[in-house]
Amino acid sequence: MYVGIDVGTSVVKAAAFDSGGRQLAVESRPVELSLRGGFVEQDMDEVYGAVVDVLGKLAGRVPEPVELAGLTGQGDGVWLVDKEGRPVRSALSWMDGRAHQLLDQWLADGTFETVFRRTGGAMFPGSPGPLLAWLDRYDPKSLDVAAAAVYCKDMVFQRLTGAARATTDVSDASMPFLDPRTRSYDNRVVELLGLTRRRRLLPPVGDPITTGEAREGLPSGTRISNGPYDLPACALGAGVTEPGDGLLIVGTCLAALVATTELDLSGEPAGLYISTDRHGHRLRAMPAMVGTAALDWVLSTTGVTHAEVDELLASTPPGAHGVRVLPYFAPSGERAPFVEPHLRAELSGISLETSKADLIRATCEGIGYAARHCLEAAGLTGSLAVCGGGTRSSAWMQLLADVLGRPLRVVEGEVGARGAVLAAAERYGVSLDAGVWTEPTAIVEPDPGRSAYYSKGFQEHLGRLDEARGRAGR
C-alpha cells in the first residue's frame, strides 16, 4: 500500500491507498490551536505525536507492506527547531496576526511591493518574513538558540527520519524568500526584511524534494518524501497540472490555485507563485483567509448544524431576500486576491424578517463571490476541480457552480495525502497512473439562469468590497 500523511492545522490525517489510487482507510486526530489576542500557536510535540499516533492506527487497520509514503502539511508560519528537529518554542501558525504592524509598515514604505516584484509573494501577517522579523524584535532569544526556522512538514520529516539537518522544498520556500526564477533564496529580500543576521535559520531547499527512510511511525526503512506542502499537494491529488487548469480548496480557508508556466510580477501584489517539482511550472495561488470558518461562525451564532445547511439553502432564493455578506471574518484580515490586514466582515440588508436560511445562503454566496474573485485573479482559463470539507454539501456545491458559472470537478477523499503519494512516487520512480488516481467523484454543472443572476451579483460584491477596503485602510 501507499501512505499519505497530511499534517493539517486542526487535524492530522494518514490515508492508505492501493496501487490504483483507491482509498483503503483513513486515520485522523485533532490537534489544538492556542488563540489569544491575535497570537495563534501550536505545540510541536502534540502535532508530531498525532502523526505517530495516526500512522500506528492506520498500520493496525491495513497491515499490508508500505511501498512508500508521502508527507504534506500546512504551509507558512514559523516552526523553530533545534538540530534534532525538536521545538525551541511553540510554533507560530500561519493564522497568527501578531506581525500586522510590521506588515502595515512595509505596506506604507514600499517594502511589501518590492518583495512581491522580486519573488511573486505577497506577504501576510502569518507568513515567515513578518513572523521572523517580529521574533527578531520581541523574542530574539528563541532565534538565537534555534538551528532552523522550518515549516510544519519539515519538522515532522526530520523527526520521522532522524535526518541530520532540517530541509524544506521549493513549494514551502516560495513565500517570501524564494526567487522563482533561480529557485534559490533571494538574499536581497532577507536584507529588506532586516533578517540578514538570521539568514542561517533558513533551511536548505531540497530541489528535488528531499527523501529519506522512516525510523518511527512507519515500518523502519519505509521510503518517504518531504513535500510539497498542502496546497500544491492538493493540486497534484486533484489532477491539476496543465496550464490554465485550476483547483479551489473549500476548507477552513479558500485556496484558489491555477497551473501556469508564466511569471507575471506586475499588477496588484497578492497571493504567491508556488514553485513545483517541474522546473518552469508553477501554481499561481490566491490562498484567501475567507472560507468555511466564516460559515461555521454563522452556523454557531444562529444555532444551526451542518446537517441542516442543504435544506436551508433550498428554502430561500438566490440573493437571500436582499441579505449580503462580505465574509472576511479572519482576525488578520485578508491576504488574497489583495492584502488588507484590517478588513473585517460586514452583513447588510438584515431586518426583523430575515431568517436563518437567509443568513446562511448570503454567507455561502459571499464565500462564492470571494472564490470567484480569487480564481479570476489567479488566471483560471481551463477546467476547475474542487475539493475540501465544503464538498460534503451538495447544495453548496451547486450554489458554488452557479456563482462561478462553470462546471466543478468534485474530487473527494484525502486529496492532499493522495497528492503527497503521487509526489513521492515521482521522486522514487514508481509508476502510478495519475489519471486514474485523480478521477473526479462527480461533475456539478451550473444552472444558466442562476449563473446569469450571480454574474451581476458578483459585480455588486466587488463594489461593496471596494468600499469596505476603503474604510479598512483609513
Side-chain angles (χ1 to χ4, degrees), residues 1-31 47-75 152-153 156-157 160-161 171 209 211-212 214 216-219 222-240 247 249-252 255 385-392 409-428 430 432-442:
M1 68 175 175
Y2 301 83
V3 172
I5 308 160
D6 189 350
V7 190
T9 304
S10 56
V11 180
V12 172
K13 298 179 180 180
F17 304 90
D18 66 17
S19 59
R22 183 170 63 95
Q23 190 169 292
L24 303 174
V26 179
E27 287 291 340
S28 64
R29 180 175 139 182
V31 287
V47 171
Y48 182 71
V51 172
V52 174
D53 179 53
V54 297
L55 286 173
K57 290 179 178 176
L58 188 70
R61 290 180 59 189
V62 190
E64 300 176 16
V66 180
E67 176 71 17
L68 56 80
L71 170 65
T72 187
Q74 58 179 293
C152 175
K153 64 175 176 50
V156 172
F157 180 83
L160 280 178
T161 63
S171 70
I209 287 176
T211 59
E216 190 174 13
L218 294 159
T222 298
R223 298 179 296 175
I224 183 171
S225 70
N226 182 28
Y229 81 95
D230 56 3
L231 297 188
C234 283
L236 283 175
V240 177
L247 171 67
I249 304 171
V250 187
T252 303
V386 60
C387 68
T391 62
R392 289 191 289 269
R409 294 177 58 252
V410 179
V411 185
E412 295 181 346
E414 298 307 318
V415 182
R418 186 182 300 274
V421 170
L422 290 173
E426 177 70 21
R427 184 57 49 225
Y428 283 108
V430 175
L432 296 178
D433 189 334
V436 172
W437 273 63
T438 61
E439 287 181 351
T441 310

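Just so you know, these numbers use all the heavy atoms, side chains as well, and skip hydrogens, waters and symmetry mates. Each residue takes its place number in the sequence, starting with 1.
For the pair V386 and R409, the minimum side-chain heavy-atom distance is 4.5 Å or more. Residues S225 and T211 are in side-chain contact: their nearest non-hydrogen atoms beyond the backbone lie under 4.5 Å apart.
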> Do T252 and T9 pass the side chain to side chain contact (heavy atoms under 4.5 Å, CB included) test, and can you show the C-alpha distance, the side-chain angles, and the key distance before you say yes or no?
Replying inline: CA-CA 9 Å; T252 303; T9 304; over 6 Å; no
> Given the rule in the side chain to side chain contact (heavy atoms under 4.5 Å, CB included) test, do V430 and R223 qualify, once you have shown the distances and angles that lead to the verdict?
Replying inline: CA-CA 11 Å; V430 175; R223 298 179 296 175; 4.0 Å; yes
>> Quick one, V7 with L71, criterion side chain to side chain contact (heavy atoms under 4.5 Å, CB included). Give me CA distance, side-chain angles, the key distance, then yes/no.
In response: CA-CA 8 Å; V7 190; L71 170 65; 4.0 Å; yes
>> Apply side chain to side chain contact (heavy atoms under 4.5 Å, CB included) to residues T161 and N226 and explain how you reach the verdict.
In response: CA-CA 10 Å; T161 63; N226 182 28; over 6 Å; no
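Considering all non-hydrogen atoms of both residues, V47 and V31 come closest at CA-CG1, 4.2 Å. Minimum heavy-atom separation, T72 to P228: OG1-O, 2.7 Å. Summarising the geometry of C387 relative to L247, their closest heavy-atom pair is SG-CD1, 3.9 Å, with the distance given to 0.1 Å. Across all non-hydrogen atoms, the minimal contact from V411 to P440 is CG2-CA, 4.2 Å. When all heavy atoms are compared, the tightest approach of L55 to A14 is CD2-CB, 3.9 Å. Shown here for G73 and D6, the closest heavy-atom pair between the two residues is CA-OD1, 4.0 Å.
Although no hydrogens or angles enter the test, the distance criterion places a donor-acceptor pair under 3.5 Å between the side chain of T441 and the main chain of E412. A donor-acceptor pair is defined here as one N or O able to donate and one able to accept, closer than 3.5 Å; no such pair exists between the side chain of R61 and the backbone of L24. Judged by distance alone, the side chain of Y2 and the main-chain N or O of A15 form no donor-acceptor pair under 3.5 Å. Side-chain atoms of Q74 never come within 3.5 Å of backbone atoms of C152 as a donor-acceptor pair (strictly under, hydrogens ignored). Within the 3.5 Å criterion, the main-chain N or O of K13 finds no donor-acceptor partner in the side chain of S28. For the pair T438 (side chain) and G237 (backbone), a donor-acceptor distance under 3.5 Å is absent.
Contacts of R392 classified as salt bridge (Lys or Arg N to Asp or Glu O under 4.0 Å), with partners at least two apart in sequence or in another chain: none. Under the rule for a salt bridge (Lys or Arg N to Asp or Glu O under 4.0 Å), the partners of D53 that lie at least two apart in sequence or sit in another chain are R29, K57.
With a 6.0 Å radius and a threshold of 12 heavy atoms from other residues, nucleotides or ligands, E27 has its CD atom above the threshold.
With values rounded to the nearest 0.5 angstrom, I249 atom CD1 is found 11.5 Å from T391 atom OG1. If you take CD1 on I209 and CD1 on I224, they are separated by 11.5 Å, rounding to the nearest 0.5 Å.
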Tell me which donor-acceptor pairs under 3.5 Å the side chains of residues 415-425 have, and how far apart each pair is, sequence neighbours excluded?
| unit_1 | atom_1 | unit_2 | atom_2 | d |
| --- | --- | --- | --- | --- |
| R418 | NH1 | G21 | O | 2.6 |
| R418 | NH1 | W437 | O | 3.1 |

